[in-house]
Amino acid sequence: MGVRINKYIASSGYCSRRQADELVEAGKVTIDGVKAVNGSVVEDGNVVMVDGHEIIPEDNKIYIALHKPLGITCTTDRRDPTNIIDYLGMDERVFPIGRLDKNSSGLILLTNDGDIVNTLLRAENGHEKEYNVRVDHKIAPDFKDKMEAGVYILDRKTLPCKVTVTGTHTFNIVLKQGLNRQIRRMCDALGYRVTKLRRVRFINIELGDMKPGDRRYLTKEEIRGLKSADKPH
């Protein structure tokens, strides 16, 4: 059985049924690329768009935490044999929130909620990402201060960050920006080569004791935390 278009849109939390009717009347809603009319019915597998944004009912939204192993690429391009979508092997269409280098491991989130992907990836939101890192030789006494103050890479100085030295060759770092290969480039600039890099937290979601390849659905509390991170404080 299908669902009437106004109920389908309202169930996503996008707007009320009355507002959905108005959007349909204004010609802003499509079902599989065809303009909807009031009374149109959405069947399983149909793609509903409002002003170019896909609408997904709240009950059908998926939020997954994956411990990405080394060698998997955070791309949805199925031509890449190491792509993360084929690795997951899910029937539902999901997208990674951000990316981890192919040679890095750890926490990556995947979802079919396009709105949260876009808002969480806006650099100006300054969301925290935490990593455990190992480098190729002994960490000098001034390493922490230099990293935290900012390092010149990619023609700019990195934003202040938080570094905790955890061993002779290891440290923990919390970033609020996501430049390309940022941690590796910062270490390179100070004369170190990263030999192991693992993300252990993204905003309020933690890797915990998940093993490489493990995945789990986020709890309702975790999802609420992610969504509240979108809001200005």
Side-chain angles (χ1 to χ4, degrees), residues 1-68 72-100 107-122 125 127 202-205 210 213-232:
M1 290 288 290
V3 179
R4 288 174 66 91
I5 186 65
N6 59 354
K7 181 179 180 182
Y8 185 90
I9 294 173
S11 70
S12 74
Y14 188 88
C15 62
S16 68
R17 289 197 194 188
R18 179 176 293 179
Q19 290 168 322
D21 285 335
E22 292 170 357
L23 290 169
V24 171
E25 289 170 6
K28 295 183 176 182
V29 180
T30 62
I31 302 174
D32 287 350
V34 179
K35 278 190 179 181
V37 297
N38 280 327
S40 290
V41 172
V42 182
E43 305 285 355
D44 283 347
N46 287 161
V47 175
V48 175
M49 308 282 281
V50 175
D51 280 336
H53 297 283
E54 185 173 357
I55 300 298
I56 302 171
E58 203 68 45
D59 290 347
N60 295 336
K61 289 182 180 176
I62 298 169
Y63 305 88
I64 294 171
L66 169 71
H67 186 159
K68 185 191 85 67
I72 299 301
T73 306
C74 291
T75 179
T76 57
D77 186 349
R78 309 295 278 271
R79 294 171 296 183
D80 184 334
T82 65
N83 77 82
I84 196 167
I85 302 305
D86 284 340
Y87 176 77
L88 270 178
M90 293 182 59
D91 292 332
E92 298 88 352
R93 185 171 54 144
V94 293
F95 308 90
I97 300 178
R99 57 186 296 116
L100 274 176
L107 180 66
I108 187 82
L109 304 183
L110 299 103
T111 182
N112 59 358
D113 184 348
D115 288 337
I116 202 170
V117 173
N118 293 333
T119 52
L120 289 178
L121 293 184
R122 288 184 190 138
N125 284 356
H127 299 309
F202 181 83
I203 309 179
N204 63 315
I205 312 300
M210 294 173 67
D214 284 354
R215 73 204 56 187
R216 65 177 179 84
Y217 289 101
L218 299 190
T219 66
K220 289 183 178 179
E221 183 178 355
E222 287 174 326
I223 295 167
R224 280 196 296 270
L226 277 183
K227 290 185 174 181
S228 68
D230 299 344
K231 311 289 189 298

Practice task
Search all heavy atoms of Leu109 against all heavy atoms of Phe202 and return the closest pair with its distance.
Solution key: CD1-CD2, 3.6 Å
Practice task
Nearest 0.5 Å please: distance from the OG1 atom of Thr119 over to the CG atom of Leu226.
Solution key: 9.0 Å
Practice task
List the atom of Cys74, the atom of Arg99, and the distance in Å for their closest heavy-atom pair.
Solution key: O-NH1, 3.4 Å
Practice task
Of all the heavy-atom pairs spanning Gly39 and Ile5, show the shortest one and how long it is.
Solution key: N-CG2, 4.3 Å
Handout entry: Check: Ile56 and Asp113 side chains under 4.5 Å, non-hydrogen atoms
Key = no
Handout entry: Distance, nearest 0.5 Å, that separates CE of Met90 from CZ of Arg215
Key = 8.0 Å
Practice task
Mind checking the CD-CG spacing from Glu22 to Asn6? Nearest 0.5 Å is all I need.
Solution key: 11.5 Å
Exercise for the section: For Arg17, enumerate each residue passing the salt bridge (charged side-chain N to carboxylate O under 4.0 Å, His left out) test, keeping only those at least two apart in sequence or located in another chain. Expected result: none
Handout entry: Residues in salt bridge (charged side-chain N to carboxylate O under 4.0 Å, His left out) contact with Arg216, at least two apart in sequence or another chain
Key = Glu222
Practice task
Could you tell me the separation between the CD1 atom of Ile64 and the CD atom of Glu92, rounded to the nearest 0.5 Å?
Solution key: 7.5 Å
Practice task
For Asn112 and Ile62, indicate whether the former's side chain and the latter's backbone hold a donor-acceptor pair under 3.5 Å.
Solution key: yes
Problem - Within 6.0 angstrom of Arg78 CZ, more than 12 heavy atoms from elsewhere - result: yes
Exercise for the section: Taking the side chain as every heavy atom from C-beta outward, state whether Ile203 and Leu120 have any atom pair closer than 4.5 Å. Expected result: yes
Practice task
Tell me, please, which residues at least two apart from Glu25 pass side-chain contact (heavy atoms from CB on, under 4.5 Å).
Solution key: Asn38
Fill in the blank from the handout: Across all chains, not counting sequence neighbours, the salt bridge (charged side-chain N to carboxylate O under 4.0 Å, His left out) partners of Asp80 are none
Handout entry: Donor-acceptor contact present, side-chain Thr73 to main-chain Thr75, <3.5 Å
Key = no
Handout entry: Side chains of Ser40 and Val24 in contact at under 4.5 Å (non-hydrogen atoms)
Key = no
Problem - Stepwise side-chain contact (heavy atoms from CB on, under 4.5 Å) check, Leu23 with Tyr14 - result: CA-CA 11 Å; Leu23 290 169; Tyr14 188 88; 3.8 Å; yes
Practice task
Identify the two heavy atoms, one from Ser11 and one from Pro57, that lie closest to each other, and give their separation to 0.1 Å.
Solution key: OG-CB, 3.3 Å
Practice task
Could you tell me whether the side chain of Thr76 reaches within less than 4.5 Å of the side chain of Asn83, counting heavy atoms only?
Solution key: no
Fill in the blank from the handout: For Ile223, the side-chain contact (heavy atoms from CB on, under 4.5 Å) test, sequence neighbours excluded, returns Tyr63, Leu218, Lys227
Completion exercise
For Val41 and Gly2 the tightest heavy-atom approach is CG1-CA, 3.4 Å
Practice task
For residues Leu110 and Phe95, determine if any side-chain heavy atom of one lies less than 4.5 Å from a side-chain heavy atom of the other.
Solution key: no
Fill in the blank from the handout: Residues pairing under salt bridge (Lys or Arg N to Asp or Glu O under 4.0 Å) where one sits in residues 29-40, two or more places apart or in two chains, turn out to be none
Exercise for the section: Measure the shortest side-chain to side-chain distance between Ile55 and Val29 over non-hydrogen atoms and say whether it is less than 4.5 angstrom. Expected result: no
Exercise for the section: Find out whether Thr111 and Lys61 are in side-chain contact, i.e. whether some heavy atom of one side chain is under 4.5 Å from a heavy atom of the other. Expected result: no
Practice task
Hey, could you give me the CD/OG1 distance between Glu221 and Thr219, rounded to the nearest 0.5 Å?
Solution key: 5.5 Å
Completion exercise
Distance col, row His67:NE2 vs Leu100:CG, nearest 0.5 angstrom, shows 9.0 Å
